[in-house]
Amino acid sequence: MRIHAETDWTPPPPDPDQPPAQIGRILRLFRPYRGRLAVVGLLVCAASLVGVASPFLLREILDTAIPEGRTGLLSLLALGMILIAVVTSVFGVLQTLISTTVGQRVMHDLRTAVYAQLQRMPLAFFTRTRTGEVQSRIANDIGGMQATVTSTATSLVSNLTAVVATVAAMLALDWRLTAVSLLLLPVFVWISRRVGRERKKITTQRQKQMAAMAATVTESLSVSGILLGRTMGRADSLTRSFEVESERLVDLEVRASMAGRWRMASVSIVMAAMPALLYWAAGFALQTGGPALSIGTLVAFVSLQQGLFRPAVSLLSTGVQIQTSLALFQRIFEYLDLPVDITETERPVRLERIRGEVRFENVSFHYDRDGRAGGGPERGVPTLDGIDITVPAGSSLAVVGATGSGKSTLSYLVPRLYDVTGGRVTLDGVDVRDLDFDSLARAVGVVSQETYLFHASVADNLRFARPDATDAEIEAAAKAAQIHDHIASLPDGYDTLVGERGYRFSGGEKQRLALARTILRDPPVLILDEATSALDTRTEHAVQQAVDELSEGRTTITIAHRLSTVRDADQIVVLDGGRIVERGRHADLLARGGRYAALVRGDTHLDTTAAPPLPWDGGATAPREARVRPASPRSA
């Protein structure tokens, strides 16, 4: 493989004209739930209108019921105020339930959409992007939007309705006092917009820092990271690095919390002082011969003004929160907008019966300069060029060559981990790009050198290949992979947890578990990507026996470093610089005395009747006599 990225994937710079389009896109997220949101809107409006009636009842109590001693009216008005409190509380609980449910569904949709998008991304994306960065987008960024998507819409409608209704009621009571109350409102709106922009910038920096810290934790606290840190004596250094990352996050969190805090506090102070200003204005008007206000009207107006204070401040805060959350939405939309290179055609072909013939027809492949597969003007040196190979159904192909010759890339083209940039790869005569993903997944099984196991039981790891597999089928697959006896000897048997990345099992045991998983799938085409190159001699022999059993009757493409895994292949292809320089069977290639023979005879004392590692082998170097293995039935 030629993808070796040094840095994380970097998103494009934000577009200054993006927010309006972004808000429209955010609103579209709520479209599937517009019915529920309509119910929330009705509840909000009803609660706001009912709540505004309370000050008018209070005015009647103070101006009529109490002065005139009308006990019956007093009781009725008091009961009405209590009933208003009950109704508004019930409406509030219902709207909270519905809005929270809608918000959580929107977050679920976003998480699922991002996860599904990442599942479709090419391998090159993951080689350029740190795992912690990906996890942070799904966990921290979407999690940080919880308050916005669960309560902001409801809060916006509720507070806006309350403000409009309250201002209308205040105008009905006295327009002069209303003008005084709303005099500074434009200033407050301007302040909130400034604060919102400031917090949005800080939030973007904070989320990037959280992603960086998550990546550090993921890498350094994995099993591999712990082993590397301790064996290299870097535990203290890693701790100090994490401390620095955490300090940066502390600074950003404090800045995010305090951004505009004094300005918003000044808004709260002014609005809290408004009742005193209203009392002063009413008294001053009375002393100077202006229009007199009744006590009930003044108290009712102040009550409304106080009622206006909460939704107005909340509305300003909501505006700040929306601007802040735009930074989070932008990071999520960056992932959702990533181009997907490998997709199904509009009318994909579904293969019901798969024979397993594989053909490479004039195949070429390039990586762009940024590591992506592609054939554009920015493409680099070709990784594969002019590859023509036919692998008949049920036969075996071995691909050998030095590191970087294109072996693994060639194998990745069959299951469409990458797409060719020239020519085509066919399965039973059908271009793999025209097949539906399900047919291709059923047809091709891959066993690589780096075996990945989930932190789950042995049975769950095997069932990942076939979720409906029975216990008997799982045991049969394990027996075929020569791992059943070892599993059965464990205290918990097939319920044994394999540990993070399978570290409770040895390399050979993990490889045999991977083989058992592939056997359970029973694919007609099998790709073995250096599946035994990192194993010791004895383990390699056991795994190779399992591989031989798995390969019987299947189309097998083997990418190998060791001669023991390729010498019995029906055909051997030698790659150099992405081109085929030789092809044939083992004996014929040796007799030809070309590149293959030179690789095998790199050591002049090498006994070619044994099964030594090829000179470019990166694995262990055991005595050559220990590497001899019995000939497979195919070679016999």
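Residues take their numbers from the sequence shown, with the count starting at 1. From a predicted model like this one, the values you see are computed outputs, not experimental measurements.
A donor-acceptor pair under 3.5 Å is formed between the side chain of S396 and the backbone N or O of D570. For R463 (side chain) and A469 (main-chain N/O), a donor-acceptor pair under 3.5 Å exists by modelled atom type. The main-chain N or O of S457 is found under 3.5 Å from a side-chain atom of N461 such that the two form a donor-acceptor pair. Judged purely by atom type and a 3.5 angstrom limit, T421 uses its side chain to pair as donor or acceptor with the backbone of H366. For Q571 (side chain) and G584 (main-chain N/O), no donor-acceptor pair under 3.5 Å exists by modelled atom type. Using a distance-only test at 3.5 Å, with no hydrogens or angles considered, a donor-acceptor pair links the side chain of K407 to the main chain of G401.
Taking CG of L453 as the start and CD of E509 as the end, the distance is 11.0 Å to the nearest 0.5 Å. Atom CG of residue L397 and atom OG of residue S395 lie 7.5 Å apart, to the nearest 0.5 angstrom. Rounded to the nearest 0.5 Å, atoms OH (Y596) and CG (L590) are 6.0 Å apart. Residue H484 holds its NE2 atom at 12.0 Å from CD1 of I474, rounded to the nearest 0.5 Å. A distance of 5.0 Å separates OH in Y494 from CD in E475, rounded to the nearest 0.5 Å. With rounding to the nearest 0.5 Å, the separation of CG in D588 from CD1 in I572 is 9.0 Å.
The one candidate from V425, V391, L427, T426 that meets the side chain to side chain contact (heavy atoms under 4.5 Å, CB included) condition with R359 is T426. Here the options are I527, D428, V525, the test is side chain to side chain contact (heavy atoms under 4.5 Å, CB included), and the partner is V358; only V525 passes.
Remark: D468 pairs with R466 by the salt bridge (charged side-chain N to carboxylate O under 4.0 Å, His left out) rule, at least two apart or across chains. With sequence neighbours excluded, the residues that form a salt bridge (charged side-chain N to carboxylate O under 4.0 Å, His left out) with R433 are D431. Not a single ring pair (Phe, Tyr, Trp, His ring centres under 6.0 Å) links F437 to another residue, sequence neighbours left out. Listed by chain and residue number, nothing satisfies the side chain to side chain donor-acceptor pair (under 3.5 Å) test with D388 (two or more places apart in sequence, or in another chain). Not counting sequence neighbours, the partners of D576 by the salt bridge (charged side-chain N to carboxylate O under 4.0 Å, His left out) test are R595. Residues satisfying the side-chain contact (heavy atoms from CB on, under 4.5 Å) criterion with I580, sequence neighbours excluded, are I387, I389, V573, L575, R583. For D385, the side chain to side chain donor-acceptor pair (under 3.5 Å) partners two or more places apart in sequence, or in a different chain, are R579. For E344, there are no side chain to side chain donor-acceptor pair (under 3.5 Å) partners, not counting sequence neighbours. Taking D522 as the reference, R554 meet the salt bridge (charged side-chain N to carboxylate O under 4.0 Å, His left out) condition, with sequence neighbours excluded. Every side-chain contact (heavy atoms from CB on, under 4.5 Å) that L490 has, sequence neighbours left out, goes to H486, T496, F505.
Between the side chains of D434 and T345, no donor N or O sits under 3.5 Å from an acceptor N or O. A donor-acceptor pair shorter than 3.5 Å cannot be found between the side chains of D109 and T112.
Across all non-hydrogen atoms, the minimal contact from Q482 to R512 is O-NH1, 3.2 Å. Closest approach of P523 and A443 over heavy atoms only: CB-O, 3.6 Å. Contact detail for R517 and A465: the closest heavy-atom pair is O-CB, 3.1 Å. Across all non-hydrogen atoms, the minimal contact from L520 to E473 is CD1-O, 3.5 Å. Between N362 and G386, the shortest heavy-atom distance links the atoms OD1-CA, 3.6 Å. Nearest heavy-atom pair, T555 versus P392, reported as atom, atom and distance to 0.1 Å: OG1-O, 3.8 Å.
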With side chain to side chain contact (heavy atoms under 4.5 Å, CB included) as the criterion, how do M121 and L338 come out once you've worked through the C-alpha distance, each side chain's angles and the decisive distance to 0.1 Å? CA-CA 8 Å; M121 295 305 296; L338 289 172; 3.8 Å; yes

Side chain to side chain contact (heavy atoms under 4.5 Å, CB included), that's the test. Do L526 and I557 meet it? Break it down for me. CA-CA 6 Å; L526 180 65; I557 299 176; over 6 Å; no

Kindly indicate, with the supporting measurements, whether the criterion side chain to side chain contact (heavy atoms under 4.5 Å, CB included) is fulfilled by R592 and L589. CA-CA 5 Å; R592 195 177 301 169; L589 291 174; 3.7 Å; yes

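The closest side-chain heavy-atom distance from L110 to F329 is below 4.5 Å.
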Solution key, residues 347-357 side-chain donor-acceptor pairs under 3.5 Å, sequence neighbours excluded:
| residue | atom | partner | partner atom | Å |
| --- | --- | --- | --- | --- |
| R350 | NE | E352 | OE2 | 3.2 |
| R350 | NH1 | D436 | OD2 | 3.3 |
| R350 | NH1 | D438 | OD2 | 2.9 |
| R350 | NH2 | D438 | OD2 | 3.1 |

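Judged as a salt bridge (Lys or Arg N to Asp or Glu O under 4.0 Å), not a single pair has a partner in residues 116-125 (not counting sequence neighbours).
The aromatic rings of Y418 and Y412 sit tilted relative to each other, their planes meeting at an angle between 30° and 60°.
Stacking of R25 on the aromatic ring of F333 is recorded, both the 6.0 Å distance cut-off and the 45° axial limit being met.
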